[in-house]
Asks: 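Here it is, the structure, as structure tokens.
Every chain is numbered from 1, with letters handed out A, B, ... down the list of sequences. Only this structure's heavy atoms are used, side chains among them; waters, hydrogens and symmetry mates stay out. Because the structure is predicted, anything quoted here is derived from the model rather than measured.
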2 protein chains.
Amino acid sequence: MITIKEVAHHAGVSMSTVSYVLSGKRSISEATKRRVEQSIAALGYHPNAGARALASNRSRVVGLVVPLHSDQNMPIIMRFVSSIVARARDHDYDVLLLTKEAGPGEAHRVIARSMADAIIVMDVESADPRVPELRDVDAPVVLLGMPDDHEGLSCLDLDFASAGRQMAGHLADRGHRSIALIGSPPPVYQRGTSFAARLLSGFQGETAKRGLLASVHSCAAGYDAVSECLDDVLHPDRGTTGLVVHNEAVLGPLLLELRRRSLDVPGDLSVITLCPDDVAAALPVPLTSIAVPAQELGAIAVEMVIARLGRELAPEVRLLQPQLTDRGSTAVR
Amino acid sequence: MITIKEVAHHAGVSMSTVSYVLSGKRSISEATKRRVEQSIAALGYHPNAGARALASNRSRVVGLVVPLHSDQNMPIIMRFVSSIVARARDHDYDVLLLTKEAGPGEAHRVIARSMADAIIVMDVESADPRVPELRDVDAPVVLLGMPDDHEGLSCLDLDFASAGRQMAGHLADRGHRSIALIGSPPPVYQRGTSFAARLLSGFQGETAKRGLLASVHSCAAGYDAVSECLDDVLHPDRGTTGLVVHNEAVLGPLLLELRRRSLDVPGDLSVITLCPDDVAAALPVPLTSIAVPAQELGAIAVEMVIARLGRELAPEVRLLQPQLTDRGSTAVR
DNA sequence: AACCACGTTCGAAGCGCTTCGATTCAATTC
DNA sequence: GAATTGAATCGAAGCGCTTCGAACGTGGTT
């Protein structure tokens, strides 16, 4: 193993000079800087992370708590993870993978041992049992999601209430008077998943305000469940003409089933949804949608956490405003 | 921060004694061991990972290279990841998340800096460009997947050739004389994805040996592609009575489409597939299948890599034998 | 009574790096 | 020309832990 000492010797300078060349924390003349860099390249020097962490009291690692079992939404979770890792690397940080399943305490363990400098927690729910423990973690923590009680914690999420309002409003603007929300399976609501509840309340608020007829349907995945759900949604008594879908897993089967019933989108039924842009665009019928900006949320989470490393910043709640993209799946009535 | 020194003082022993209590590398009397453990608990001591890594030359971290963009198969990738993390934690290792997309060199960087003691690489392809670089990594490396040239590297995978043989054989045993393989989308084959090619060759070997009529169809995801593919597969000239499906994404649409065509499984058509057990079981028609033992493969990968940490073990290729579960989706003709 | 062996425990030397004065030397200033 | 400044560099003291050899009983042998 090549050490900083050998580099120093090779370049004819002291260890500290090499260190300062690497960190840029003190000014070094161009000449020696170049000489040191050449030695580093020539010897193939790589700083030892453990020694660095020990001496500087910074690991340059962020811990990321990921829900690895959550059967649903794996693809979207990976988008988050992938953007978080990429942005962290941009800042010269690495990512330590922690799982939600391993329980709380993992974040605390990793920080107490100085294995990481900060923590990002994904998939935080309304009454997340991890939240109290996270308050005691002695390092910057950013939550992706919004627990009900987020006092003293930094949170980041899409503004789902606004998304619910926007989607209902979009249909209302086009003259729809009776619309339906097709949501996640019942367990998601029972679990008190914050984003589902917030979207629902935004949706209901808007439909009430606009005086629309609105029905809400919790729909499980699977073709039969979807078909059954549609029977209900499309019952003649309702006169439903517009659908807001907040359940990514159901989109494919839903459109297929509509086709089977010879219902045209948007001719017979307008559909608007919340899902990643590329998913919305790749469906058999491209759907007007509000994007889940996973990339952006991941990036912001990293920025937030890193911003909190040096200075003491106050906890902050950031809700991203939803962006609606029109793909022509909603018609004027 | 509580240090080992403070624990030693609190317990009235020397630092080294505390260290030996923790590591168990020398015998310590029951009495002092208990005393030290009480002090550790009382003070809330957590060993500093950096200091430990520096002194012991072991980070107790394994690097895991994950394909985070691979749009397909995210759920199954997460199964691997999840079992790897869990098993690693069982051995008191943490997992550093590296992405395939960040390029090769990541493994090398992490090892050169002593951030990790070993590397597990997922999703290795036939002619994987990472393979040469991985040979130069100065630490145990285990590949999940089998590159063509795996000289000097340890690999672990399902025996896909055998899976292909078994599935063809299963249908042949039941009297089918003309069968079809529905495989992955063309890009997967073009990329030279090792497992697809191996399954194909096993399938073809067995059908040839048994004198069956066999057709092979590369099928893209999406309902229309599936329907088109079925037109081809079920062309009357072929007389196809059995289907081997090696494309998880296509299973749902496929069964749906068969139902739409009023073809009964297994009455009119026998279907057998390769996918995770729970996926096969959760389909509208439960399918007889060969499992992708993600849990087990992940666990073995961890064991292999850890086994190679202490001693010098020779590189090893391990192919897990496929397990077929009969769910009654294949009939005797 | 001197000796040995063994189970326990201690002390100190690093591990490779960062960082804080201290030092040097040349360029400015009065 | 002495004093002041500031940029560039050095030296050494840790950071918190592991580990090796040494030391210290204690009990059993001769």
Side-chain angles (χ1 to χ4, degrees), chain A residues 1-37 39-40 43-61 92 110-117 138 309-310, chain B residues 1-37 39-40 43-61 92 109-117 309-310:
Chain A
M1 179 184 228
I2 308 290
T3 71
I4 199 174
K5 201 171 186 173
E6 303 175 54
V7 173
H9 188 246
H10 185 275
V13 299
S14 72
M15 281 166 54
S16 48
T17 301
V18 176
S19 178
Y20 287 125
V21 167
L22 251 27
S23 70
K25 291 189 180 174
R26 282 199 184 174
S27 58
I28 298 285
S29 71
E30 265 313 312
T32 46
K33 183 184 281 185
R34 198 166 32 249
R35 211 141 35 81
V36 168
E37 276 161 356
S39 296
I40 287 175
L43 300 178
Y45 166 70
H46 293 264
N48 179 298
R52 204 169 237 199
L54 179 56
S56 67
N57 202 24
R58 284 248 165 283
S59 61
R60 297 207 76 91
V61 168
D92 210 4
V110 157
I111 294 299
R113 299 189 163 213
S114 298
M115 302 185 71
D117 298 334
D138 187 24
L309 275 176
Chain B
M1 179 186 228
I2 309 289
T3 71
I4 199 173
K5 201 170 186 173
E6 304 175 53
V7 173
H9 188 247
H10 185 274
V13 299
S14 73
M15 281 166 53
S16 49
T17 301
V18 177
S19 178
Y20 287 124
V21 167
L22 251 25
S23 70
K25 291 189 179 173
R26 282 200 185 171
S27 59
I28 298 285
S29 71
E30 265 314 312
T32 45
K33 181 184 284 185
R34 198 167 32 250
R35 212 141 34 81
V36 167
E37 277 160 356
S39 297
I40 287 176
L43 300 178
Y45 167 70
H46 292 266
N48 179 299
R52 201 169 239 200
L54 179 58
S56 68
N57 203 25
R58 285 246 165 285
S59 61
R60 296 206 79 88
V61 168
D92 210 5
R109 173 180 67 90
V110 157
I111 294 299
R113 300 189 162 212
S114 297
M115 302 186 72
D117 297 334
L309 273 177

Asks: Would you say that B:N57 contacts A:M1 through its side chain, given a criterion of any heavy-atom pair below 4.5 Å between the two side chains?
Replies: no

Asks: Give the rounded distance in Å between these two atoms: CG of A:N57 and P of D:dA13.
Replies: 21 Å

Asks: Should the side chain of B:S14 and the base of C:dG11 be counted as holding a donor-acceptor pair, with the cut-off at 3.5 Å?
Replies: no

Asks: Regarding B:T3, tell me which of base, sugar-phosphate or nothing describes its non-hydrogen contacts under 4.0 Å with the strands shown.
Replies: sugar-phosphate

Asks: If you take atom types as modelled and just measure distance, does the side chain of B:Y20 reach the base of D:dC20 with a donor-acceptor pair under 3.5 Å?
Replies: yes

Asks: Please state how far atom CG in A:L22 lies from atom P in C:dT18, giving the value in whole angstrom units.
Replies: 7 Å

Asks: Could you check how far CG of A:N48 sits from C1' of D:dC17, rounded to whole Å?
Replies: 13 Å

Asks: When the distance from NZ of A:K5 to P of D:dA13 is rounded to whole Å, what number comes out?
Replies: 14 Å

Asks: Base, sugar-phosphate, or nothing for A:S19, non-hydrogen atoms under 4.0 angstrom?
Replies: base

Asks: Would you check if A:L22 and A:I40 make a side-chain contact, meaning some heavy-atom pair closer than 4.5 Å?
Replies: yes

Asks: Counting the atoms with a prime plus P, OP1 and OP2 as sugar-phosphate, which does A:S56 contact under 4.0 Å by heavy atoms, base, sugar-phosphate, or nothing?
Replies: sugar-phosphate

Asks: Is any side-chain N or O of B:K25 closer than 4.0 Å to OP1 or OP2 of D:dT18?
Replies: no

Asks: B:M115 CE to C:dG16 P: how many Å, rounded?
Replies: 17 Å

Asks: Rounded to the Å, how far apart are A:R58 CZ and D:dC15 C1'?
Replies: 14 Å

Asks: What is the distance, rounded to the nearest whole Å, between atom CD1 of A:I2 and atom C1' of C:dC15?
Replies: 16 Å

Asks: Can you tell if the side chain of A:T3 reaches within under 4.5 Å of the side chain of A:N48, non-hydrogen atoms only?
Replies: no

Asks: On DNA chain D, compare the nucleotides closest to A:A51 and A:T17; which residue's is nearer the 5' end?
Replies: A:T17

Asks: Where each residue is assigned the nucleotide of DNA chain C containing its nearest heavy atom, which of B:S29 and B:M15 is assigned the position nearer the 5′ end?
Replies: B:S29

Asks: How close or far is atom P of D:dA12 from atom CD1 of A:I4, stated in whole angstroms?
Replies: 16 Å

Asks: Looking for any heavy atom pair under 4.0 Å, which part of the strands does A:T32 touch: base, sugar-phosphate only, or nothing?
Replies: sugar-phosphate

Asks: Let me know, please, whether A:A55 or B:R52 comes out on the 5' side of the other along DNA chain D by nearest nucleotide.
Replies: A:A55

Asks: Checking B:T17 against B:S14: is there a side-chain donor and acceptor pair closer than 3.5 Å?
Replies: yes

Asks: Quick check: do A:H9 and A:K5 have side-chain heavy atoms less than 4.5 Å from each other?
Replies: no

Asks: Nearest of C:dT9, C:dT8, C:dG16 to any side-chain atom of A:M1?
Replies: C:dG16

Asks: Taking N and O atoms by type only, does the side chain of A:R26 place a donor or acceptor under 3.5 Å from a partner on the base of D:dT9?
Replies: yes

